[in-house]
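As the structure is a computational prediction, the values presented were derived from the model and not from experiment.
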Amino acid sequence: MLAFETVEASLQAENWFFETIRTRLRETAPLDEFPTIAGANGHDYLLQFTQFLFFLKALDCTNAEMISGFIDSHNAKLEAQIAQPDFARSVSEFRKAIIRPDRRAKMLDSIRALEEPVFAIYEFGHLLIDAMSPKTTEKLIEDLRYGKLLERRIDERINADQKRVLIRSTGFLEETYQTSLLMLRRMVAQKLSDAEIASARGEA
């Protein structure tokens, strides 16, 4: 019974997250003007993108040194996947998503200059390639920029490099997701007996 109630609470918290985001987007335009989010897999894409932003902050992976380590793990993961004999996705696309030294240097330089984790649109696409195609990520970012949940940051030193359109979150996505997690925890806790709570805390 508790397992069913936990799943139900999870669905309620997730639905609240999506409805809160949709409500904010409607302040800009009707939902059908956000085609990626309103599409068949829109909820999955939005959740995966938000989780990426949330966990960067939750794990304090926000400065250049931490992002450098994250890039290392990203590259190693892709290389291991490509090396699998039964790898079923596009090898060429995954190879493009491996962050090479020159691109890493540009990414880290911008993060140091702007003092926050900002990425170019195509960099988001490569960092999230396991969750969705780079093209889908680009379209999702377009929707979220239009809905004022993402915004452009300008690094004046790289204006000549027009491909590096830097994007940052306004924070609304991550804050809404965090609130949904707190709601889930509270709903689950309400279903537990005092003995179960004490056991979970190691007090039994």
Query raised in the report: Is the charged tip of Arg24 near the ring of Phe172: under 6.0 Å from the six-membered ring centre and within 45° of its axis?
Result: yes

Query raised in the report: Could you go step by step and tell me if Arg186 and Met183 meet the side chain to side chain contact (heavy atoms under 4.5 Å, CB included) rule?
Result: CA-CA 5 Å; Arg186 184 172 65 248; Met183 290 173 60; 3.9 Å; yes

Does any part of the side chain of [Y], heavy atoms only, come nearer than 4.5 Å to the side chain of [X], both counted from C-beta?
{"X": "Ile37", "Y": "Leu31", "value": "no"}
{"X": "Lys135", "Y": "Glu138", "value": "yes"}
{"X": "Phe119", "Y": "Leu166", "value": "no"}
{"X": "Val118", "Y": "Ile167", "value": "no"}
{"X": "Met107", "Y": "Ile99", "value": "yes"}

Report task. With salt bridge (Lys or Arg N to Asp or Glu O under 4.0 Å) as the test, would you mind laying out the steps for Glu151 and Arg145 before giving the verdict? Result -> CA-CA 6 Å; Glu151 59 190 14; Arg145 284 183 70 190; over 6 Å; no

Taking all heavy atoms of [X] and all of [Y], pick out the closest pair and write down the distance.
{"X": "Ala97", "Y": "Ile129", "answer": "CB-CD1, 3.7 Å"}
{"X": "Phe34", "Y": "Ala29", "answer": "CE1-O, 3.5 Å"}
{"X": "Pro117", "Y": "Thr62", "answer": "CD-O, 3.5 Å"}
{"X": "Arg89", "Y": "Asp130", "answer": "NH1-O, 3.5 Å"}

Query raised in the report: Between Asn75 (side chain) and Ile98 (backbone), is there a donor-acceptor pair under 3.5 Å?
Result: no

Requested in this report: May I ask you to decide if Leu149's main-chain N or O and Thr170's side chain share a donor-acceptor pair within less than 3.5 Å?
Outcome: yes

Query raised in the report: Would Asp72 and Arg104 satisfy salt bridge (Lys or Arg N to Asp or Glu O under 4.0 Å), going step by step from the backbone distance to the final call?
Result: CA-CA 10 Å; Asp72 285 338; Arg104 176 204 293 261; 2.6 Å; yes

Is it true that [Y] and [X] share a donor-acceptor pair across their side chains at a distance under 3.5 Å?
{"X": "Gln51", "Y": "Tyr177", "result": "yes"}
{"X": "Asn63", "Y": "Glu115", "result": "no"}
{"X": "Ser110", "Y": "Arg164", "result": "yes"}
{"X": "Thr136", "Y": "Ser133", "result": "yes"}

[atom2] on [Y] to [atom1] on [X], rounded to 0.5 Å:
{"X": "Leu53", "Y": "Phe124", "atom1": "CG", "atom2": "CZ", "value": "5.5 Å"}
{"X": "Arg100", "Y": "Asp102", "atom1": "CZ", "atom2": "CG", "value": "9.5 Å"}
{"X": "Phe52", "Y": "Met132", "atom1": "CZ", "atom2": "CE", "value": "10.0 Å"}
{"X": "Ile141", "Y": "Phe49", "atom1": "CD1", "atom2": "CZ", "value": "4.5 Å"}
{"X": "Gln178", "Y": "Thr50", "atom1": "CD", "atom2": "OG1", "value": "13.0 Å"}
{"X": "Ile67", "Y": "Glu65", "atom1": "CD1", "atom2": "CD", "value": "10.0 Å"}

Cluster overlap [X] with [Y], hydrophobic side-chain contacts below 4.5 Å:
{"X": "Leu108", "Y": "Met66", "result": "no"}
{"X": "Ile71", "Y": "Ile82", "result": "no"}
{"X": "Leu78", "Y": "Val91", "result": "yes"}
{"X": "Leu144", "Y": "Phe55", "result": "yes"}

Query raised in the report: How far apart are the C-alpha atoms of Thr36 and Glu142, what are their side-chain angles, what is the distance that settles it, and do they pass the side chain to side chain contact (heavy atoms under 4.5 Å, CB included) test?
Result: CA-CA 9 Å; Thr36 306; Glu142 288 177 10; over 6 Å; no

Query - Test side chain to side chain contact (heavy atoms under 4.5 Å, CB included) applied to Phe54 and Leu181, step by step - result: CA-CA 11 Å; Phe54 173 79; Leu181 294 180; 3.9 Å; yes

Query - Lys57 atom NZ, over 12 foreign heavy atoms within 6.0 Å - result: yes

Query raised in the report: Any salt bridge (charged side-chain N to carboxylate O under 4.0 Å, His left out) pairs touching residues 28-56, not counting sequence neighbours?
Result: none

Query raised in the report: Would you call the rings of His126 and Tyr122 parallel, tilted or perpendicular if under 30° counts as parallel and over 60° as perpendicular?
Result: perpendicular

Could you list the donor-acceptor pairs under 3.5 angstrom formed by side chains in residues 10-19, with sequence neighbours left out?
| unit_1 | atom_1 | unit_2 | atom_2 | d |
| --- | --- | --- | --- | --- |
| Glu19 | OE1 | Arg22 | NE | 3.1 |
| Glu19 | OE1 | Arg22 | NH2 | 2.7 |
| Glu19 | OE2 | Arg26 | NH1 | 3.3 |

Report task. Take Arg168 and Leu150, measure what side chain to side chain contact (heavy atoms under 4.5 Å, CB included) needs, and give me the verdict at the end. Result -> CA-CA 6 Å; Arg168 72 181 295 274; Leu150 300 178; over 6 Å; no

Query raised in the report: Should Glu116 and Arg153 count as an ion pair when the cut-off is N to O under 4.0 Å?
Result: yes

